[in-house]
Amino acid sequence: MSPTILILLYAFFLSEAAATAPPPPPPLRQGFYAETCPAAESIARNILRRAMARDARSAASVMRLQFHDCFVNGCDGSLLLEKRGRMEGEKSALSNINSVRSYEVIDEIKEAMEAACPAVVSCADIIIMAARDAVLLSGGPNWEVKLGRKDSLWASLEAANEIMPSPRANATFLIHLFSRYNLTVKDLVALSGSHSIGKARCFSVLFRLYNQSGSGKPDPAINPTFRKDLDKLCPQHGDVEVTANLDATPKRFDNQYYRDLAHGRGFLNSDQTLYTSMETRKYVKLFARSEEEFFIAFVRGMVKLGDIRSGLHGEIRRNCRVVN
Ligand code: HEM
Ligand SMILES: *[C@@H]1O[C@H](CO)[C@@H](O)[C@H](O)[C@H]1NC(C)=O
Ligand SMILES: *[C@@H]1O[C@H](CO)[C@@H](O)[C@H](O)[C@H]1NC(C)=O
Ligand SMILES: *[C@@H]1O[C@H](CO)[C@@H](O)[C@H](O)[C@H]1NC(C)=O
């Protein structure tokens, strides 16, 4: 789209918004594609299963997309848009660049959706289905997802940079951030349990190993044996792209993450802080004790995360990386 057309479109939306408040988007619901694309959910699951056979980590990477899409202007597939003209795109945001991965799995699902039922299933909904399947296929809980999202026409690098939390974040900061989305302290601790699967880079932990809060010292909350392992893996002037597991069982979606935190074996500062802080520790202890409680709270959190809407006009993108 040319800049002139974009400006005209923008002016149109503005004048429309001034005349009448935009109607709220239609509610999401389970079985949204039952008539229009009955195979949608099985297509997504089968392709994710194949992706995991090629690369086990793709489950974690795909699940993470839901968080990074939904926190920035709602679950609208904005994360998937490539830079185009004056739109920078969210992929180059600090929390996403060289880090968020497996976009091609979403492309593969989209291609199969387009073959089965053209122009029906949104990229935003594909992320939600695939995130659920990633948890399920990693040994976690199953749940019904609500669908019916539209894809955005725009992405915001600024919003992504402003909103997405740093691995340095402390519990106070995270509690406040999540409350902006009506996510409770319990939701925060449960959703952080997504770090039960997947990996992170030395980049995300170096400051914690060598200069926590500018002290020139490591974070005292790190278990000393664990710290020796991390020092070896992530030396001070080493390769920041080297990856480490986020918990002791990185392919299995379980409550090991919380038991690790209770032993000072959390990888990110934003993980370990959930045990250090009294407001969140009680939930870490609860979930470490009861995987069932974790699964129930996690599912509730994922549904709430998926309910974040943008309220803007949308479309069903034909290709998740570009607007139609
Ligand atoms: C509470 C605040 C959160 C922070 C500060 C945070 C931060 C991070 C960081 C820094 C990484 C590793 C990035 C890298 O080193 O390249 C990561 C990985 C990951 N995050 Fe989070 N995250 C948070 C919450 C969440 C939530 C709510 C979810 C999903 C619902 C999630 C899912 C994941 C997954 C699955 C990975 C591993 C991805 C992979 O292996 O490719 N995170 N997160
Ligand atoms: C938590 O982080 C915020 C923002 O970085 C900071 O202002 C605050 O002092 C920190 N709180 C604690 C208890 O460390
Ligand atoms: C949070 O809840 C309040 C009160 O129910 C509501 O007005 C607000 O729109 C909600 N915010 C989000 C982001 O869902
Ligand atoms: C540690 O962090 C502080 C504050 O951010 C900085 O001034 C200092 O130079 C850092 N030290 C090292 C060794 O990187």
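Order of appearance sets the numbers: ligands from 1, and atoms from 1 within every ligand.
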Under-4.0 Å heavy-atom contact with ligand 1, by part of Ala131 that carries it: neither
Sidechain-backbone polar pair: Ser290 side chain, Leu286 backbone, donor-acceptor under 3.5 Å: no
Close-contact set for ligand 1 against Ser192 heavy atoms, below 4.0 Å: 1 (C)
Any donor-acceptor N/O pair, Ser58 side chain to Ala51 backbone, under 3.5 Å: yes
Close N or O approach (Asn211, ligand 4; < 3.5 Å): yes
Atom 13 (C) of ligand 1: the protein heavy-atom neighbour that sits closest, reported with distance to 0.1 Å: Ser99 OG, 3.2 Å
Within 6.0 Å of CD in Gln30, more than 12 heavy atoms from elsewhere: yes
Atom indices of ligand 1 within 4.0 angstrom of Gly198 heavy atoms, with elements: 37 (C), 40 (O)
Shortest protein contact, atom 24 (C) of ligand 1 (heavy atom only): Phe67 CE2, 3.3 Å
Main-chain N/O of Gly77 paired with Asp151 side-chain donor or acceptor, under 3.5 Å: no
Neighbour count >12 (heavy atoms, 6.0 Å) for atom CD, Glu104: yes
Sub-4.0 Å heavy-atom contact, Gly301 with ligand 1: no
Heavy-atom protein neighbour under 4.0 angstrom from atom 11 (N) of ligand 2: yes
Closest protein heavy atom to atom 8 (C) of ligand 1, given as residue, atom name and distance to 0.1 Å: Leu268 CD1, 3.6 Å
Proximal atoms of ligand 1 relative to Arg57 (non-hydrogen, under 4.0 Å): 39 (C), 40 (O), 41 (O)
Heavy atom of protein closer than 4.0 angstrom to atom 7 (O) of ligand 2: no
Check: Asp254 main-chain N/O paired with Ser196 side-chain donor or acceptor under 3.5 Å: yes
Pick from Ile97, Ile197, Leu174, Leu183: the one approaching atom 2 (C) of ligand 1 most closely through a non-hydrogen atom: Leu174
Proximity of Leu246 to ligand 1 by residue part, where a heavy atom lies under 4.0 Å: side chain
For atom 11 (C) of ligand 1, closest protein heavy-atom neighbour: Arg64 NH2, 3.6 Å
Element-labelled atoms of ligand 1 that are located less than 4.0 Å from some non-hydrogen atom of Ser166: 5 (C)
Proximal atoms of ligand 1 relative to Ser204 (non-hydrogen, under 4.0 Å): 10 (C), 13 (C), 14 (C), 15 (O)
Residue Lys304 excluded, over 12 heavy atoms near NZ under 6.0 Å: yes
Numbered atoms and elements of ligand 1 in range of Pro167, under 4.0 angstrom, heavy atoms: 10 (C)
Ring centroid separation Phe178 to Phe71 under 6.0 Å: yes
Distance from atom 33 (C) of ligand 1 to nearest protein heavy atom, with residue and atom: His195 CD2, 3.3 Å
N/O separation below 3.5 Å, Arg101 to ligand 1: no
Protein contact to atom 5 (O) of ligand 4 [nearest heavy atom, distance to 0.1 Å]: Gly214 CA, 4.3 Å
Option nearest atom 30 (C) of ligand 1 (shortest heavy-atom distance, choices Glu241, Met302, Gln66): Met302
For atom 4 (C) of ligand 2, closest protein heavy-atom neighbour: Phe173 CD1, 4.1 Å
Residue among Asp307, Ile127, Leu79, Ile128 satisfying side chain to side chain contact (heavy atoms under 4.5 Å, CB included) with Cys70: Ile128
Ser270 neighbourhood, listing ligand 1 atoms whose heavy-atom distance to it stays under 4.0 Å: 4 (C), 5 (C)
Where ligand 1 meets Phe178 - atom numbers and elements under 4.0 angstrom, heavy-atom basis: 1 (C)
Geometric class of the Phe253/Phe295 ring pair [parallel <30°, tilted 30-60°, perpendicular >60°]: tilted
CZ (Phe226) with more than 12 external heavy atoms under 6.0 Å: yes
Protein residue, atom and distance nearest to atom 14 (O) of ligand 2, heavy-atom basis: Asn170 ND2, 3.3 Å
Lys199 heavy atom under 4.0 Å from ligand 1: yes
Polar side chain donor-acceptor pair, Asp125 to Tyr33, under 3.5 angstrom: yes
Residue, atom name and distance, where the atom is the protein heavy atom closest to atom 12 (C) of ligand 1: Ala200 CB, 3.3 Å
Salt-bridge contact Arg54-Glu108 (side-chain N to carboxylate O under 4.0 Å): yes
Parallel, tilted or perpendicular, as decided by the 30° and 60° cut-offs, for the rings of Phe298 and Trp143: perpendicular
CA sep, side-chain torsions, deciding dist, call: Asp271, Arg208, salt bridge (Lys or Arg N to Asp or Glu O under 4.0 Å): CA-CA 12 Å; Asp271 294 322; Arg208 208 187 154 216; over 6 Å; no
Which residue and heavy atom of the protein sit nearest atom 41 (O) of ligand 1, plus the separation: Ser61 OG, 2.7 Å
Flag if over 12 foreign heavy atoms under 6.0 Å of NZ, Lys285: no
Distance-only N or O hit between ligand 2 and Thr172, under 3.5 Å: no
Exam field: side chain Arg149 to backbone Gly306, donor-acceptor pair closer than 3.5 Å: yes
Protein heavy atom at shortest distance from atom 29 (C) of ligand 1: Ser194 OG, 3.3 Å
